[in-house]
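So the structure is just underneath, and the comments pick up after that.
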There are 2 protein chains.
Amino acid sequence: MPVEREKYSRAIEDYLKIIFELLEASGRVSTKQIAEALDVKPASVTGMLQKMSAFKPALVNYRKHHSVSLTPEGRDIALRVIRRHRLIERFLQETLGFSWDKVHEEAHRLEHVVSDEFEKRVAEVLGDPEFDPHGSPIPTRELEMPEHSQKPLSELDKRERAYIREVPDEDEGLLLYLEEVGVVPGARIEVLERSPYDGIMTLIVMGQLQNAVLGPSITRRVFVEKKR
Amino acid sequence: MPVEREKYSRAIEDYLKIIFELLEASGRVSTKQIAEALDVKPASVTGMLQKMSAFKPALVNYRKHHSVSLTPEGRDIALRVIRRHRLIERFLQETLGFSWDKVHEEAHRLEHVVSDEFEKRVAEVLGDPEFDPHGSPIPTRELEMPEHSQKPLSELDKRERAYIREVPDEDEGLLLYLEEVGVVPGARIEVLERSPYDGIMTLIVMGQLQNAVLGPSITRRVFVEKKR
DNA sequence: ACTATTTATTAGGCTCACCTAATAAATAAT
DNA sequence: ATTATTTATTAGGTGAGCCTAATAAATAGT
């Protein structure tokens, strides 16, 4: 039963998307987190959560002062928006030549207005890509999120080697820096140094002349995998 | 001085676009016409005209019960939106394989959210096309609307010949029919018959087996040119 | 266990862009 | 020139999604 289009507002799509992503990242979501991620006040989040939980088919399960989770309907919408976002990012990069630091913002605006047909044709033109330009997996047509068995770069020890799999997509400045030092999906790295107190890591990046030095606020959001 | 983005709402962009198009088509605009074109009530149009004329730099010149016209600012915004709309239509057709009857609706949603960079890259990828899929001229980067010395098909007399230049873009059913009978931009036609009372025209379309029979509600909105 | 701090919720307002109903102005018909 | 009809404007109202300020609940510190 496909969720129909144009049924939910941009705001609702944004809330569901961010709730899904926060749940995936840390297992729980707070009003405050949502407010920060969407750049609105907590009071507005409370209002929206109440509204979304009161919908005909509820989009979220909400118990005040306690948990927030997605209903199957809410999850479907979230995955749809995420699929469109990531497909569009890839499309902007491949078809229109956008740099990887510019695709996020543009995709964020487009994801709420494109039709099913647009989504379908983009997927076809790109040959059903599995990842967006930052390495995030693209949910399938059937809205299944591919498994990605990976861990944060921050958990690697000295001398460990791994492949970069995924980097955060929303910080343009960071993306420019990561590109410069070669920390991009697919890159092979080795941990040269790891400061035990502040967690700053120095990486050897294969094929790069310079090492990459990254603080924990970054390494916690960069994901790696051992196998190729 | 380029008009900045994101400064005006979708609604305002829509109003300015339709006012421009109505002014171009008939030289004047009524509240009622705008209301019908945008599918809102006349009262809403009055309200919006007042608002747009009260803007810091006014977007329209408005004298109640009398004329509506665009200020230079309003015209610039209108041309920008029209340029984006027509470029996107072309892009959807050429790059994503949309049929010509489906591009209008999709472009209408996209035109309000794409960035200047998106517009620029689409124009580059397409090689700065001059016309959209329905033959409407695309305003240049400098927001100049190319001249098109053409007249309505309805003004042709029996036995006159001409080339189809432009067809209306918003009616999907009509577009499917026009495609079927070969009345598409570039087609060469001859007026075989013209009923003097109801204005129904029968056309020979070069390269088509069947003649095309079109009523005045259509022939008034299809534009032709004598020279190739 | 009590107090301080953080986080979440309620209550009441605001803006945008629309609506309806009532009124007024412009235009057409007799 | 009245009257009838069409078109436009005003006045007041609605829902979405945000805001601030005040209050309540949960969490942390002593």
Side-chain angles (χ1 to χ4, degrees), chain A residues 4-19 22-23 26-69 74 77-78 81 108-109 111-113, chain B residues 5-19 22-23 26-56 58-69 74 77-78 81 108-109 111-113:
Chain A
E4 276 160 42
R5 304 299 321 288
E6 209 57 47
K7 231 176 129 179
Y8 302 103
S9 68
R10 272 155 248 257
I12 286 175
E13 288 189 348
D14 277 340
Y15 275 92
L16 292 173
K17 185 173 95 162
I18 213 66
I19 291 168
L22 290 170
L23 282 170
S26 65
R28 61 212 173 72
V29 214
S30 68
T31 304
K32 197 192 172 204
Q33 276 180 303
I34 299 171
E36 274 163 9
L38 295 178
D39 196 25
V40 298
K41 302 293 151 179
S44 304
V45 174
T46 299
M48 193 55 119
L49 289 175
Q50 290 171 343
K51 187 176 177 177
M52 292 193 298
S53 68
F55 254 73
K56 323 93 174 290
L59 304 179
V60 297
N61 303 117
Y62 170 66
R63 281 175 44 233
K64 68 155 80 164
H65 292 294
H66 293 280
S67 66
V68 175
S69 63
I77 298 162
V81 178
H108 180 59
R109 274 179 277 110
E111 68 193 14
H112 302 295
V113 304
Chain B
R5 303 301 318 290
E6 211 55 44
K7 234 176 126 177
Y8 301 103
S9 68
R10 271 155 248 254
I12 287 175
E13 288 190 349
D14 276 340
Y15 274 93
L16 292 172
K17 185 174 98 164
I18 212 68
I19 291 168
L22 290 171
L23 282 170
S26 65
R28 62 213 172 70
V29 214
S30 68
T31 303
K32 198 192 172 204
Q33 276 180 302
I34 298 171
E36 274 165 9
L38 295 178
D39 196 25
V40 298
K41 302 292 150 178
S44 305
V45 174
T46 299
M48 192 55 120
L49 289 174
Q50 290 169 342
K51 185 175 179 178
M52 292 193 298
S53 68
F55 254 70
K56 323 95 173 286
L59 302 179
V60 298
N61 303 118
Y62 169 64
R63 281 173 44 233
K64 68 154 82 164
H65 293 293
H66 293 282
S67 64
V68 175
S69 64
I77 298 162
V81 178
H108 180 59
R109 274 178 278 111
E111 68 193 11
H112 302 295
V113 304

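So that the names make sense, note that chain A is the first sequence line, chain B the second, and so on, each numbered from 1.
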Short side-chain N/O contact to dA26(D) OP1/OP2 from H66(A), under 4.0 Å: yes
Calculate, to the nearest 0.5 Å, the distance between atoms CG and CG belonging to L49(B) and N61(B) respectively. 11.0 Å
Distance check needed: dT9(C) C1' versus R63(A) CZ, whole Å only. 15 Å
Rounded to 10°, the helix from dA1(C)-dT30(D) to dT30(C)-dA1(D) deviates from straight, judged by its five-pair end axes, by 0°
Whole-Å gap separating P (dA11(D)) and CD (Q50(B)): 10 Å
Winner on side-chain proximity to K64(A), out of dC18(C), dT9(C), dG17(D), is dT9(C)
Taking only the side-chain nitrogens and oxygens of Y15(B), find out if one of them lies under 4.0 Å from OP1 or OP2 of dC18(C). yes
Look at T46(B) and dT10(D) and indicate whether a side-chain polar atom (N or O) is within less than 4.0 Å of OP1 or OP2. no
So if I take every side-chain heavy atom of K51(B) and compare against dA8(D), dC16(C), dT9(C), which nucleotide ends up nearest? dC16(C)
What does the list of N/O pairs under 3.5 Å between the protein and nucleotides 2-7 of chain D look like, with a distance for each?
unit_1	atom_1	unit_2	atom_2	d
dT7(D)	OP2	K32(B)	NZ	3.0

Nearest 0.5 Å please: distance from the NE2 atom of H65(A) over to the OG1 atom of T31(A). 9.0 Å
Separation of L59(B) atom CG from dA17(C) atom P, in whole Å? 12 Å
Whole-Å gap separating C1' (dA8(C)) and CE (M48(A)): 17 Å
Nearest-0.5 Å distance that lies between atom CD1 in I18(A) and atom CD in E36(A): 11.5 Å
Could you state the atom-to-atom distance from CZ of R10(B) to P of dG17(D) in whole Å? 13 Å
L49(B) CG to dC16(C) P: how many Å, rounded? 16 Å
Enumerate the protein-to-nucleotides 19-23 of chain D contacts in which both atoms are nitrogen or oxygen and the separation is below 3.5 Å.
unit_1	atom_1	unit_2	atom_2	d
dC19(D)	OP2	K41(A)	N	2.9
dC19(D)	OP2	S44(A)	OG	2.7

What is the distance, rounded to the nearest whole Å, between atom CD1 of I12(A) and atom P of dA16(D)? 9 Å
Report the distance from atom CZ of R28(B) to atom P of dA8(D), rounded to the nearest whole Å. 10 Å
Does dT9(C) have OP1 or OP2 under 4.0 Å away from a side-chain N or O of Y62(A)? yes
